[in-house]
Amino acid sequence: MSKVWFVTGSSRGFGRRYVEAALGRGDRVVATARDEKSLADLAARHGDAVLPLRLDVTDRAAARAAVERAHRHFGRIDVVVNNAGHGLFGAVEELAEQALRDQLETNLFGALWVTQAALPYLREQGSGHIVQISSTGGVAAWPLVGGYHASKWALEGLSESLAQEVAGLGVKVTIVEPGAYATDWGGSSAVQSEPIAAYDEVRGALGAFMATLDFGDPAAAGRALLEVVDSDDPPLRVFFGTQGNEMLPAVYAERLEVWAKWQELAVRAQG
């Protein structure tokens, strides 16, 4: 049976690829973006299979209205993809308050508002799949993107709790953790903090590291997401791209080693 999708941030990048993958196999999609005109080509190509909607996910009332309209239009919602987001670049000392608040409003609260709006419909159906687009930066951190990490680590914790809360209601939750992809995440959609010269060396090292990465194809990520939502036993967390399995096992091994090294102190701290 074909699925009905609700996808945020559908104008470009991952969101557009998720929408195209779903439509390409005959599913129906509610595609949302802050600028509805950016979705006009989808409607022209796919007709009634797609419902384009304007949505700024930071507006809680608008998120609720968009989900309600989507359900009224198609009669159900099977897959919710919280994809809308942007990057924030800067050392922790460089972060402007409003830039960090905007980052959290979009990457964390935007996903929360859409999730809360969709859950009553999914609970009533007794089925559904919520997909949270996080990042490898949701389980490990690198310099100069602390604000972005804060938003994704928060999303991961929220979503892990959610998965346990809705497991008995027929609703599934998956956190997708992409590595480096050829999207606009670090381009025009990103926010750059005012640099402080003391961090120039760190900036140079991070730039050199980024230059070594093999950037993935977003279209391949779109096809991969179809397999996730079609699975009878989808993962709570899944990497997209090669970097996750290449780099993050070492991060977890180091954490376990340090916890073991300080275990005696941990026991003393129990009192």
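Index from 1, following the sequence.
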Worksheet item: Are side-chain N/O atoms of T58 and D56 paired as donor and acceptor at under 3.5 Å?
Response: yes
Worksheet item: Taking atom CG of D200 as the centre, does the number of heavy atoms from other residues, nucleotides or ligands within less than 6.0 Å exceed 12?
Response: yes
Worksheet item: Under the ring-ring contact (aromatic ring centres under 6.0 Å, His included) test, which residues partner F109, sequence neighbours left out?
Response: W113
Worksheet entry | Shared hydrophobic cluster for L225 and V238 (ILVMFWY, side-chain gaps under 4.5 Å) | yes
Discussion item. Quick check: is F209 connected to Y199 through a chain of hydrophobic side chains (ILVMFWY, heavy atoms under 4.5 Å apart)?
Written reply: no
Discussion item. How long is the straight-line distance from CD of E36 back to CG of L39, given to the nearest 0.5 Å?
Written reply: 6.5 Å
Worksheet item: So do V166 and L119 actually touch side chain to side chain, heavy atoms under 4.5 Å?
Response: yes
Worksheet item: Counting only N and O atoms by type, is there a donor-acceptor contact under 3.5 Å from the side chain of H71 to the main-chain atoms of I77?
Response: no
Worksheet item: Less than 4.5 Å apart, any side-chain heavy atom of F14 and any of V19?
Response: no
Worksheet entry | N/O donor-acceptor pair under 3.5 Å between T8 side chain and A84 backbone | yes
Item to complete: May I ask you to establish whether R255 and Y252 are in a cation-pi arrangement, using a distance under 6.0 Å from NZ or CZ to the six-membered ring centre and at most 45° from the ring axis?
Response: yes
Discussion item. Let me confirm one number: the OG-CD1 distance from S135 to I175, rounded to the nearest 0.5 Å.
Written reply: 12.0 Å
Discussion item. Could you check whether any side-chain N or O of T174 sits under 3.5 Å from a backbone N or O of P235, counting only pairs where one atom can act as donor and the other as acceptor?
Written reply: yes
Worksheet item: Would you call E160 and L236 a side-chain contact if the rule is heavy atoms closer than 4.5 Å?
Response: yes
Worksheet item: Are I133 and N82 side-chain neighbours, meaning at least one heavy-atom pair lies under 4.5 Å?
Response: no
Item to complete: Using a 4.5 Å cut-off on heavy atoms from C-beta on, say whether the side chain of S11 contacts that of D35.
Response: no
Practice prompt. Go through D59 and E105 one step at a time and tell me if the side chain to side chain contact (heavy atoms under 4.5 Å, CB included) criterion holds.
Written response: CA-CA 9 Å; D59 184 335; E105 286 289 347; over 6 Å; no
Discussion item. Using 0.5 Å steps for rounding, measure from the CG atom of L226 to the OH atom of Y18.
Written reply: 10.5 Å
Worksheet item: What distance separates S151 OG from D102 CG, expressed to the nearest 0.5 Å?
Response: 12.0 Å
Worksheet item: What are the two closest heavy atoms between V7 and G15, and how far apart are they?
Response: CG1-O, 4.1 Å
Worksheet entry | L104 side, atom CG; L88 side, atom CG - distance, nearest 0.5 Å | 9.0 Å
Worksheet entry | Minimum heavy-atom distance A49-L23, with the two atoms named | O-CD2, 3.6 Å
Practice prompt. With sequence neighbours left out, write down each residue that passes side-chain contact (heavy atoms from CB on, under 4.5 Å) with S161, or none if nothing qualifies.
Written response: E165
Worksheet entry | E156 and S134 side chains, donor-acceptor separation under 3.5 Å | yes
Worksheet item: Is W153 reaching over with its side chain to a backbone N or O of G137, donor-acceptor style, under 3.5 angstrom?
Response: yes
Worksheet entry | Salt-bridge criterion met for K152 and E177 (N-O under 4.0 Å) | no
Worksheet item: Is the side chain of Q243 donor-acceptor paired with the backbone N or O of T136 at a distance under 3.5 Å, no angle test?
Response: no
Worksheet item: Can any side-chain N or O of S193 pair as donor or acceptor with the backbone N or O of F89 at less than 3.5 Å?
Response: yes
Worksheet item: Should Q103 and H86 be marked as a side chain to side chain contact (heavy atoms under 4.5 Å, CB included) after you check the CA-CA gap, both sets of side-chain angles, and the distance that decides it?
Response: CA-CA 7 Å; Q103 177 82 125; H86 67 271; 3.3 Å; yes
Worksheet, complete the sentence: Of all heavy-atom pairs linking F240 and Y181, the shortest is C-OH, 3.4 Å
Worksheet entry | Minimal non-hydrogen separation, V228 against H129, with atom names | O-CE1, 3.8 Å
Fill in: Spacing of L158 atom CG and L108 atom CG [to the nearest 0.5 Å]
6.5 Å
With a cut-off of 3.5 Å and sequence neighbours excluded, list every side-chain donor-acceptor pair involving residues 263-271.
{"residue": "E264", "atom": "OE2", "partner": "R268", "partner atom": "NH1", "Å": "3.4"}

Fill in: Closest approach of L42 to V50 (non-hydrogen atoms, all atoms of both residues)
O-CG1, 3.6 Å
Worksheet entry | E97 and R101 ion-paired at < 4.0 Å | yes
Practice prompt. Compare all side-chain heavy atoms of E20 with those of R25 and state whether any distance is below 4.5 angstrom.
Written response: no
Worksheet item: Is the side chain of D78 donor-acceptor paired with the backbone N or O of G128 at a distance under 3.5 Å, no angle test?
Response: no
Worksheet item: Just by distance, do the side chain of R54 and the backbone of R34 share a donor-acceptor pair under 3.5 Å?
Response: yes
Practice prompt. Using modelled atom types only, decide if a donor and an acceptor are shared between the side chain of E257 and the backbone of E254 within a distance under 3.5 Å.
Written response: no
Discussion item. Between Q116 and R60, does the side-chain hydrogen bond (donor to acceptor under 3.5 Å, both in side chains) criterion hold? Intermediate values first, please.
Written reply: CA-CA 9 Å; Q116 287 184 334; R60 187 180 189 182; 2.9 Å; yes
Discussion item. I'd like to know if V80 and V229 are part of one continuous hydrophobic network [Ile/Leu/Val/Met/Phe/Trp/Tyr, side-chain heavy atoms within less than 4.5 Å].
Written reply: no
Worksheet item: Any link between F239 and V131 through a network of hydrophobic side chains (Ile, Leu, Val, Met, Phe, Trp, Tyr) touching at under 4.5 Å?
Response: no
Discussion item. Does Q98, at its CD atom, have more than 12 non-hydrogen atoms belonging to other residues, nucleotides or ligands within less than 6.0 Å?
Written reply: yes
Fill in: Connected via hydrophobic side-chain network under 4.5 Å: V251 and L144
yes
Discussion item. Whether D230 and K3 form a salt bridge (side-chain N of Lys/Arg under 4.0 Å from carboxylate O of Asp/Glu) is what I want to check.
Written reply: yes
Item to complete: Verify the distance criterion only: is there a donor paired with an acceptor across the side chains of E68 and Y121 at less than 3.5 Å?
Response: no
Fill in: Minimal non-hydrogen separation, N83 against G9, with atom names
ND2-O, 3.0 Å
Worksheet item: Any side-chain heavy atom of N107 sitting closer than 4.5 Å to one from Y148?
Response: yes
Worksheet entry | Note: E124-R76 ion pair, threshold 4.0 Å (strictly below) | no
Fill in: Pair L122-I130, side chain to side chain contact (heavy atoms under 4.5 Å, CB included): steps then yes or no
CA-CA 9 Å; L122 305 186; I130 297 171; 3.8 Å; yes
Worksheet item: Mind checking whether F6 and V79 have side chains closer than 4.5 Å, heavy atoms only?
Response: no
Item to complete: Start with the C-alpha gap between E93 and I196, add the side-chain angles, then the distance that decides, and say whether side chain to side chain contact (heavy atoms under 4.5 Å, CB included) holds.
Response: CA-CA 8 Å; E93 185 181 354; I196 296 173; 3.8 Å; yes
Worksheet item: Taking atom types as modelled, is there a side-chain donor on D214 or T242 under 3.5 Å from an acceptor on the other?
Response: no
